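Because the structure is a prediction, the values reported are computed rather than measured.
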Amino acid sequence: MYLPIILHQETINYLFSRRFLLSLLLIFLPAVIGIWYSHMMYHHPSIIFKMTGGWITQVTPKVCMMVYFDVAPLPIALAAIINASDFFAGERERGMLQLLVSKPLARSEIIIGKYLSFLSIFLILIFLKLAIFNIALKFLGIGLVENRVFLSYVIALILVGVVYTSISTLFSTLMNSTLAAILAGFLLLIAWYIFDWMILYLPLSTSNILEKFSLSYYIDNTIGYISNGEAALFLGGFSSKVSSGLFFKPSRKDTLQGSNCSFNFSR
């Protein structure tokens with residue numbers, strides 16, 4: 001069983017590679033921008049007022065986290081695609097695949113070793129990203145996000161990372177070049193985003209069926225379930241599951257088209 005050896009070696013190779021530096025940039029630079037934007041919203045509430053059409057005026061830690069989370073999955077997906085696309089296709093391009101398989105290593109061990117070594121580091125970085133963002137909100141005087149809400153966002157971003165890493169790993173095994181695997185991952189990412197927005201404008205009966213094929217649907221429901229309705233995808237998702245004490249009260253009267261949840265926009 002050579003899997004532990006592969007895991008150890010691949011972890012070292014990744015930590016000292018340019019791809020790791022790129023991952024750090026993709027993961028933490030948006031967090032820095034999000035912290036700055038939260039600072040601007042906190043001191044200039046008119047920003048969030050304009051973004052929401054006036055139905056949110058108070059900038060709280062939950063508001064900052066929700067606004068940030070609307071863009072946070074994108075760099076996570078990009079980092080996963082760029083890294084995982086190189087797992088198998090990269091070895092094939094560099095002519096190392098034949099050398100690897102000539103050793104007493106199964107192809108499955110090579111793929112699983114690369115996959116797990118990257119994912120273990122990647123998920124730690126995702127957690128640190130949100131932890132730093134949350135702590136920064138405290139230092140800015142905005143406050144800390146509640147533990148349950150924070151956990152819901154962490155698990156949601158981990159879900160994004162796992163899904164795109166898994167799909168890109170599959171593309172890497174099927175294609176002969178890293179670039180082709182990356183392009184396939186990018187096309188899937190773009191198609192999913194277009195699909196998400198398209199569903200918002202479809203009839204409710206149709207969108208309720210099609211949304212089951214969207215990653216955002218499962219991310220949104222994961223957040224809502226873990227946080228017990230205290231957190232939500234804010235702008236880009238299907239629904240906003242927030243508690244009655246936060247922004248607005250759930251109602252069966254006012255239904256957002258393309259959403260699996262209803263709202264009464266009265267305070």
Side-chain angles (χ1 to χ4, degrees), residues 1-32 71-130 154-195 213-216 218-219:
M1 188 67 173
Y2 293 92
L3 187 57
I5 299 175
I6 298 174
L7 278 170
H8 178 263
Q9 188 60 47
E10 288 297 327
T11 300
I12 294 175
N13 292 341
Y14 176 61
L15 289 175
F16 290 94
S17 69
R18 287 178 293 181
R19 289 186 291 112
F20 178 66
L21 296 178
L22 179 60
S23 297
L24 292 178
L25 183 65
L26 286 172
I27 292 173
F28 290 103
L29 181 58
V32 173
V71 297
L74 180 59
I76 296 294
L78 291 176
I81 291 170
I82 292 172
N83 283 279
S85 296
D86 187 68
F87 287 170
F88 210 71
E91 299 292 357
R92 187 182 288 115
E93 271 188 321
R94 292 185 288 269
M96 296 296 294
L97 186 58
Q98 290 184 342
L99 178 61
L100 288 174
V101 297
S102 66
K103 297 181 178 181
L105 300 174
R107 291 196 178 193
S108 59
E109 284 186 317
I110 298 173
I111 297 173
I112 294 173
K114 288 177 174 289
Y115 176 86
L116 293 180
S117 64
F118 165 72
L119 206 57
S120 59
I121 299 172
F122 194 45
L123 299 187
I124 292 173
L125 293 179
I126 290 174
F127 174 81
L128 289 176
K129 166 198 182 85
L130 283 180
V154 169
I155 293 179
L157 282 186
I158 286 176
L159 177 61
V160 173
V162 170
V163 167
Y164 278 101
T165 300
S166 301
I167 293 174
S168 297
T169 300
L170 176 62
F171 287 156
S172 182
T173 61
L174 297 177
M175 299 183 178
N176 293 322
S177 71
T178 302
L179 180 59
I182 291 175
L183 288 176
F186 282 170
L187 289 175
L188 175 66
L189 176 64
I190 294 170
W192 243 339
Y193 268 79
I194 294 175
F195 183 72
F213 298 95
S214 170
L215 179 60
S216 293
Y218 296 100
I219 292 172

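Of all non-hydrogen atoms in I6 and E109, the two that sit nearest each other are CD1-O, 3.7 Å.
In this structure, L157 and P73 have side chains that are in contact, with non-hydrogen atoms separated by less than 4.5 Å. Between L179 and L183 there is a side-chain heavy-atom pair separated by less than 4.5 Å. Taking 4.5 Å as the limit, every side-chain heavy atom of M175 sits out of range of all side-chain heavy atoms of S85.
In this structure, Y218 has no side-chain hydrogen bond (donor to acceptor under 3.5 Å, both in side chains) partners at least two apart in sequence or on a different chain. Y193 pairs by the ring-ring contact (aromatic ring centres under 6.0 Å, His included) definition with nothing, not counting sequence neighbours. In this view, T178 and D86, E93 satisfy the side-chain hydrogen bond (donor to acceptor under 3.5 Å, both in side chains) rule, not counting sequence neighbours. With sequence neighbours left out, F213 forms a side chain to side chain contact (heavy atoms under 4.5 Å, CB included) with F195. Under the rule for a side-chain hydrogen bond (donor to acceptor under 3.5 Å, both in side chains), T165 has no partner lying at least two apart in sequence or in another chain. Take N176 and apply the side-chain hydrogen bond (donor to acceptor under 3.5 Å, both in side chains) test, not counting sequence neighbours, and it matches no residue. Scored by the side chain to side chain contact (heavy atoms under 4.5 Å, CB included) test, L174 finds L170 as partners (sequence neighbours excluded).
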For the pair Y115 and S166, evaluate side chain to side chain contact (heavy atoms under 4.5 Å, CB included) and give the outcome as yes or no after the intermediate values. CA-CA 8 Å; Y115 176 86; S166 301; 2.7 Å; yes

Determine whether L21 and L25 satisfy the following criterion, side chain to side chain contact (heavy atoms under 4.5 Å, CB included), listing intermediate values before the conclusion. CA-CA 6 Å; L21 296 178; L25 183 65; over 6 Å; no

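Distance check: L189 CG to I81 CD1 gives 5.0 Å after rounding to the nearest 0.5 Å. One distance of note links CD1 of I82 with CZ of F186; it measures 4.5 Å at 0.5 Å rounding. If you take CD1 on I76 and CD1 on I27, they are separated by 5.0 Å, rounding to the nearest 0.5 Å. Within the model, atoms CG of L29 and NZ of K129 stand 9.0 Å from one another, a figure rounded to the nearest 0.5 Å.
Sorted by first and then second residue, the ring pair (Phe, Tyr, Trp, His ring centres under 6.0 Å) pairs involving residues 154-185 (not counting sequence neighbours) are Y164-W192. Residues in residues 2-15 take part in these salt bridge (charged side-chain N to carboxylate O under 4.0 Å, His left out) pairs, two or more places apart or across chains: E10-K114. Among residue pairs with one or both ends in residues 72-83, those qualifying as side chain to side chain donor-acceptor pair (under 3.5 Å) are R19-N83, S23-N83; sequence neighbours excluded.
For S172 (side chain) and T169 (main-chain N/O), no donor-acceptor pair under 3.5 Å exists by modelled atom type.
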Which pairs of donor and acceptor atoms, one on a side chain in residues 118-128, lie under 3.5 Å apart (sequence neighbours left out)?
{"from": "S120", "atom 1": "OG", "to": "L116", "atom 2": "O", "distance (Å)": "3.1"}
{"from": "S120", "atom 1": "OG", "to": "S117", "atom 2": "O", "distance (Å)": "2.9"}

